[in-house]
Amino acid sequence: MSGRRIGLFGGTFDPPHNAHVALAHRALVDLALDELRWIPAGQPYQKVRAITPAAQREAMVREAIAGEPRFVLERCELERSGPSYTIDTVRALQARQPGAQWFLLVGADQYAGLPSWRDWRDLIARVTLAVAQRPGAAVPASAELRAVPVAAVALPPMDVSASVIRDRVAAGAPITDLVPPGVASYIDRHHLYRPG
């Protein structure tokens with residue numbers, strides 16, 4: 001199918017949470033997407049902490065996206081060995097669907113740090129950057145990056161982070177208000193993020 005508008009939403013998703021889901025729904029609307037592909041990172045090269053095994057993060061993403069047919073789990077980074085570079089993912093997906101229009105959904109902090117990404121100039125030539133930003137918040141970026149047109153996606157006002165969720169689970173505190181029900185159930189069943 002050519003001409004499809006496809007969003008790419010990558011991350012560690014350790015775990016995926018309600019702010020991820022809300023942002024993904026917002027992107028469907030703001031960017032008029034036909035689908036949004038959630039891309040769990042295989043080996044995130046910029047992460048220094050130990051991360052949950054890929055199979056478990058994939059299972060949690062499946063739980064988070066259930067019920068929205070335009071959300072698709074994209075496994076390419078899980079299947080590829082070595083560090084997960086976004087440019088490799090975009091090149092592979094574009095080779096598979098050359099007629100599509102691609103949008104890369106990034107947070108404001110990721111956007112500002114794009115010049116540290118591998119082959120970032122090639123990346124921004126291949127996709128439309130869709131930057132999730134809080135209303136009224138300035139996004140610092142290099143002059144070269146600011147010259148590239150971006151699409152804005154309104155970031156839902158939700159104060160949720162994966163690290164807070166992991167800390168709450170470790171402390172025995174509830175997380176049902178922070179993650180989709182299927183994700184909370186998966187974390188509980190598999191005893192994730194618990195100490196020791």
Side-chain angles (χ1 to χ4, degrees), residues 4-42 44 46-47 51-52 57-78 84 86 89-90 93 100-114 117 120 123-124 127-141 145 148-169 175-184 186-187:
R4 287 176 67 77
R5 295 169 64 89
I6 302 174
L8 303 176
F9 185 24
T12 311
F13 300 123
D14 192 14
H17 50 66
N18 289 343
H20 289 137
V21 176
L23 175 59
H25 279 288
R26 186 80 250 162
L28 286 177
V29 175
D30 288 1
L31 305 173
L33 299 177
D34 293 300
E35 65 182 78
L36 180 70
R37 297 190 187 174
W38 292 58
I39 310 172
Q46 293 186 331
K47 290 282 184 194
I51 60 171
T52 302
R57 290 184 292 109
E58 174 186 356
M60 288 189 285
V61 170
R62 286 189 189 282
E63 293 288 352
I65 69 176
E68 171 49 76
R70 292 171 295 174
F71 289 164
V72 177
L73 176 76
E74 173 57 65
R75 302 190 72 256
C76 63
E77 291 192 4
L78 301 174
S84 296
T86 303
T89 299
V90 168
L93 294 176
Q101 186 175 354
W102 301 89
F103 296 81
L104 179 63
L105 183 59
V106 296
D109 53 340
Q110 293 171 307
Y111 170 68
L114 265 179
W117 293 22
W120 72 276
L123 177 65
I124 62 176
V127 298
T128 298
L129 287 176
V131 182
Q133 48 197 79
R134 288 185 172 82
V139 179
L145 196 52
V148 177
V150 300
V153 177
L155 191 64
M158 301 176 73
D159 192 19
V160 183
S161 73
S163 60
V164 165
I165 293 164
R166 293 191 300 269
D167 290 347
R168 283 180 67 167
V169 173
I175 58 167
T176 51
D177 57 330
L178 302 178
V179 298
V183 174
Y186 186 93
I187 289 170

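Residue numbers count from 1 along this sequence. Keep in mind it's a predicted model, so treat the numbers as computed, not measured.
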Please enumerate all residues that pass side chain to side chain donor-acceptor pair (under 3.5 Å) together with [X], with sequence neighbours excluded.
X	answer
E35	R4, R37
S161	S163
T89	E77, R80

Quick one: salt bridge (charged side-chain N to carboxylate O under 4.0 Å, His left out) partners of [X], sequence neighbours excluded?
X	answer
R75	E58, E79
E68	R70
E63	none

How many angstroms lie between atom [atom1] of [X] and atom [atom2] of [Y], to the nearest 0.5 angstrom?
X	Y	atom1	atom2	value
I6	L93	CD1	CG	8.0 Å
I65	L36	CD1	CG	9.0 Å
L105	L31	CG	CG	7.0 Å
I175	D167	CD1	CG	11.5 Å
R166	D14	CZ	CG	5.5 Å

So W120 and T86, side chain to side chain contact (heavy atoms under 4.5 Å, CB included) or not? Walk me through it. CA-CA 9 Å; W120 72 276; T86 303; over 6 Å; no

Tell me which pairs pass salt bridge (Lys or Arg N to Asp or Glu O under 4.0 Å) where either residue lies in [range], with sequence neighbours left out.
range	answer
residues 19-31	R26-D30
residues 149-158	none
residues 175-184	R168-D177

Donor-acceptor pair, H25 side chain versus A22 backbone, under 3.5 Å? no

Do you know the tightest heavy-atom contact between [X] and [Y]?
X	Y	result
G42	S84	N-OG, 2.9 Å
P16	P180	O-CD, 4.2 Å
A151	T128	CB-CG2, 4.3 Å
L23	A132	CD1-CB, 3.6 Å
V21	F71	O-CZ, 4.4 Å
V153	A130	CG2-CB, 4.0 Å

Hey, does [Y] have a side-chain heavy atom less than 4.5 Å from the side chain of [X]?
X	Y	result
P40	L73	yes
W102	V90	no
T12	R57	yes

Which residues pass the side chain to side chain contact (heavy atoms under 4.5 Å, CB included) test with [X], not counting sequence neighbours?
X	value
A59	Y186
A66	none
V150	Y111, L129, V131

Can you label the angle between the W38 ring and the F13 ring as parallel, tilted or perpendicular, going by 30° and 60°? tilted

From V160, V169, I165, residue fulfilling side chain to side chain contact (heavy atoms under 4.5 Å, CB included) relative to V179: I165

